[in-house]
Participant: 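Before I ask anything, here is the structure I am working with.
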Amino acid sequence: MPIPFPFSAIVAQEEMKRSLLIAAIDPSIGGVLVFGDRGTGKSTAIRGLAALLPKMQAADCTYHCDPEAGDDAVCADCRETRKHGGKVKSYKVTVPVVDLPLGATEDRVIGALDLERALTKGEKAFEPGLLARAHRGFLYIDEVNLLEDHLVDSLLDVAASGENLVEREGLSVRHPARFVLVGSGNPEEGELRPQLQDRFGLSVEVKTPGDLPTRMKVVRLRDEFERDPNAFVTKWKRKDGKVRRLIEKGREVLPEVVVPDKTLEEAGKLCIRLGTDGLRGELTLIRAARGLAALQGDTEVTVEHLKTIATSALRHRLRRDPLDESGSTSRVERALQEQFGE
């Protein structure tokens, strides 16, 4: 496996880094969509974050189920063990980060009949796919806007239910598949289907740095990394460790974070002002603001948290307005200024 570029060494792109950290603290936000220019560190940031995530406690089963989860959130093997009074063995594992290639077949993604066992032993057995491997981790799709429609349909079903149902070749298998969906792409190469775009909790726009000092720093650090990756990773190990501790602390604080009625009211007003469809935008805005508060070590969500994360949570949920030529980012920023007067 290639050595990932340290997350803490990524220059600028603060919105992208903040959104990924919030998703790591609270996976229920729904994942992160990163759109922007080529060569702006999209995949670098995602792989860098994966390398520093704290290990998780997992059951000794195919799907690495959460040993503390209820029976409705674990696989059939774990339920069967519990049913007979046995204790599910568990151990620490690295949080899975699974790449979904654009050319992957549906069988490879959702799972299929294990042909080897079927041919050699005459047994019908399920061979788990990428969705099973990504359970309790991250599913990363580069060039997500180029993903084939049949794969998008499968992802939408699983993202909505948190489980994968496979019925084919005489098999009927249901297993948990809860993961943080992370997609990246270049908008010039095509638009993302609205149904899938709406499933992402946060949407981030990244641009090529325009100022010379930032560009020079990016090039210098990347060149240093490529000349000696091991030495570079060692050099940034302490700073990456600080980021890891931030995530761990954020996860501890998250259950204690409260959302006052005043903050909830302001979130509702902002979504009404922007005309977002449904209530998913409001829910995501509150969850993201709670995640940001946890990241910063706060136990109460304030209007400042809302203002900081609102653009990332709402920019991809706005209806197209043919009479308004400004982009969705500008519309959210304008609504924030009108509502909060800053």
Participant: Membership question, hydrophobic clusters at under 4.5 Å side-chain separation (ILVMFWY): are Ile309 and Ile272 in the same one?
Facilitator: no

Participant: Indicate yes or no for a side-chain donor-acceptor contact from Lys17 to the backbone of Ile10 under 3.5 Å, with no hydrogens or angles considered.
Facilitator: yes

Participant: Between Leu156 and Val144, is there a shared hydrophobic cluster once you connect ILVMFWY residues whose side-chain heavy atoms come closer than 4.5 Å?
Facilitator: yes

Participant: Just how far is it from atom CG of Asp71 to atom SG of Cys65, taken to the nearest 0.5 Å?
Facilitator: 10.5 Å

Participant: Going by atom types only, do Glu333 and Thr311 share a side-chain donor-acceptor pair under 3.5 Å?
Facilitator: no

Participant: For residues Val95 and Lys55, determine if any side-chain heavy atom of one lies less than 4.5 Å from a side-chain heavy atom of the other.
Facilitator: no

Participant: Check whether any side-chain heavy atom of Leu130 sits under 4.5 Å from a side-chain heavy atom of Arg133, and report yes or no.
Facilitator: yes

Participant: Do Glu256 and Thr299 have side-chain atoms, one donor and one acceptor, less than 3.5 Å apart?
Facilitator: no

Participant: Got Leu181 and Leu196 here, is their nearest side-chain heavy-atom distance under 4.5 Å?
Facilitator: yes

Participant: I'd like to know if the side chain of Ser154 reaches the main chain of His150, judged simply by a donor and an acceptor atom lying under 3.5 Å from each other, with no hydrogens or angles considered.
Facilitator: yes

Participant: Side chain of Asp99, backbone of Pro101: donor and acceptor closer than 3.5 Å?
Facilitator: no

Participant: Looking at Arg251 and Glu248, is there a salt bridge between them, counting it only when a charged N and a carboxylate O are closer than 4.0 Å?
Facilitator: no

Participant: Any chance you could lay out the side-chain contact (heavy atoms from CB on, under 4.5 Å) test for Asp60 and Val88, step after step, and finish with the verdict?
Facilitator: CA-CA 7 Å; Asp60 186 13; Val88 178; 5.8 Å; no

Participant: Can you tell me how far NZ of Lys242 sits from CH2 of Trp236, rounded to the nearest 0.5 angstrom?
Facilitator: 11.0 Å

Participant: Establish, yes or no, whether a centroid distance under 6.0 Å links the rings of Tyr63 and His175.
Facilitator: yes

Participant: With the side chain counted from C-beta on, respond yes when Glu300 and Pro260 share a heavy-atom pair under 4.5 Å apart, and no when they do not.
Facilitator: yes

Participant: Salt bridge or not for Arg178 and Glu163, using N-O below 4.0 Å?
Facilitator: no

Participant: Would you confirm whether Thr276, through its side chain, and Leu318, through its main-chain N or O, come within 3.5 Å as a donor-acceptor pair?
Facilitator: no

Participant: Do we see a donor-acceptor contact under 3.5 Å between the side chains of Thr302 and His305?
Facilitator: yes

Participant: Mind checking ring-ring contact (aromatic ring centres under 6.0 Å, His included) for Phe225 and listing every partner two or more places apart, or none if nothing turns up?
Facilitator: Phe5, Phe232

Participant: Quick check: closest heavy atoms across Phe138 and Leu53, and the distance to 0.1 Å?
Facilitator: CE1-CD1, 3.2 Å

Participant: I'd like to know if Arg215 pairs up with Asp211 as an ion pair, taking the criterion as any Lys NZ or Arg NE/NH1/NH2 lying under 4.0 Å from an Asp or Glu carboxylate oxygen.
Facilitator: no

Participant: Applying a strict under-4.5 Å side-chain criterion to I, L, V, M, F, W and Y, I'd like to know whether Leu146 and Leu192 cluster together.
Facilitator: yes

Participant: Counting N and O atoms only, with roles assigned by atom type, does the side chain of Asn186 sit under 3.5 Å from a partner on the main chain of Asp37, one being a donor and the other an acceptor?
Facilitator: no

Participant: Do Ile247 and Leu52 have side chains that approach each other closer than 4.5 Å (heavy atoms only, starting at C-beta)?
Facilitator: yes

Participant: Take Ile141 and Leu155 through the side-chain contact (heavy atoms from CB on, under 4.5 Å) test and state the conclusion after the steps.
Facilitator: CA-CA 11 Å; Ile141 312 170; Leu155 281 175; 3.5 Å; yes

Participant: Examine Leu102 and Val109 and state if one hydrophobic cluster contains both, with Ile, Leu, Val, Met, Phe, Trp and Tyr joined whenever side-chain heavy atoms are less than 4.5 Å apart.
Facilitator: yes

Participant: Quick one: does His135's side chain have a donor or acceptor within less than 3.5 Å of a partner on Ala132's backbone?
Facilitator: no

Participant: What residues join Val258 in its hydrophobic cluster, counting side-chain heavy atom gaps under 4.5 Å, either direct or through other members?
Facilitator: none

Participant: Provide the closest heavy-atom pair for Ser203 versus Arg315 in the form atom of the first, atom of the second, distance.
Facilitator: O-NH1, 2.6 Å

Participant: Indicate the atoms forming the closest heavy-atom contact of Leu151 with Ala104, along with that distance.
Facilitator: CD1-O, 3.4 Å

Participant: Run the numbers on Val97 and Arg47 for side-chain contact (heavy atoms from CB on, under 4.5 Å), then give the verdict.
Facilitator: CA-CA 8 Å; Val97 179; Arg47 297 183 200 286; 6.0 Å; no

Participant: Kindly work out whether a path of hydrophobic side-chain contacts (I/L/V/M/F/W/Y, heavy atoms less than 4.5 Å apart) joins Leu283 to Val180.
Facilitator: no

Participant: Please test Glu226 against Arg222 for salt bridge (Lys or Arg N to Asp or Glu O under 4.0 Å), starting from the C-alpha separation and ending with a verdict.
Facilitator: CA-CA 6 Å; Glu226 290 178 356; Arg222 187 71 203 189; 3.2 Å; yes

Participant: Hey, is Arg18 close enough to Glu15 for a salt bridge, meaning N to O under 4.0 Å?
Facilitator: no

Participant: Measure from the side-chain N and O atoms of His316 to the backbone N and O of Pro194, and report whether any donor-acceptor pair falls under 3.5 Å.
Facilitator: no

Participant: Working note: Cys75 + Thr62, criterion side-chain contact (heavy atoms from CB on, under 4.5 Å); need CA distance, chi angles, decisive distance, verdict.
Facilitator: CA-CA 8 Å; Cys75 67; Thr62 304; over 6 Å; no

Participant: Which value, rounded to the nearest 0.5 Å, describes the distance between Asp77 atom CG and Cys61 atom SG?
Facilitator: 7.0 Å

Participant: Give the minimum heavy-atom separation between Ser184 and Asn145, together with the two atoms involved.
Facilitator: O-OD1, 4.5 Å

Participant: Does any non-hydrogen side-chain atom of Val166 lie less than 4.5 Å from one of Ser172?
Facilitator: no

Participant: Write down the atom of Met56, the atom of Pro96, and the distance for their closest heavy-atom approach.
Facilitator: CE-CD, 3.6 Å

Participant: Identify whether the distance between the nearest side-chain nitrogen and carboxylate oxygen of Lys262 and Glu266 falls below 4.0 Å.
Facilitator: yes

Participant: Please examine the side chains of Gln195 and Asp153, heavy atoms only from C-beta on, and report whether any two atoms are closer than 4.5 Å.
Facilitator: no

Participant: If I compare all heavy atoms of Ala69 with all of Val74, which pair ends up nearest, and what's the gap?
Facilitator: CB-CG1, 4.0 Å

Participant: Side chains of Leu147 and Leu100, heavy atoms from C-beta outward: is any pair under 4.5 Å?
Facilitator: yes

Participant: Does a salt bridge link Arg193 with Asp198, judged by any charged N lying under 4.0 Å from a carboxylate O?
Facilitator: no

Participant: Checking the side chain of Thr214 only, and the main-chain atoms of Gly210 only, is there a donor and an acceptor separated by less than 3.5 Å?
Facilitator: no

Participant: Tell me whether Gln13 contacts the main-chain N or O of Lys207 through its side chain, where contact means a donor paired with an acceptor under 3.5 Å.
Facilitator: yes

Participant: Let me confirm one number: the CG-CD1 distance from Leu264 to Ile286, rounded to the nearest 0.5 Å.
Facilitator: 5.0 Å

Participant: If I take atom SG from residue Cys271 and atom CZ from residue Arg280, how far apart are they, to the nearest 0.5 angstrom?
Facilitator: 13.0 Å

Participant: Quick check for you: to the nearest 0.5 Å, what is the distance between Ser43 atom OG and Glu143 atom CD?
Facilitator: 9.5 Å

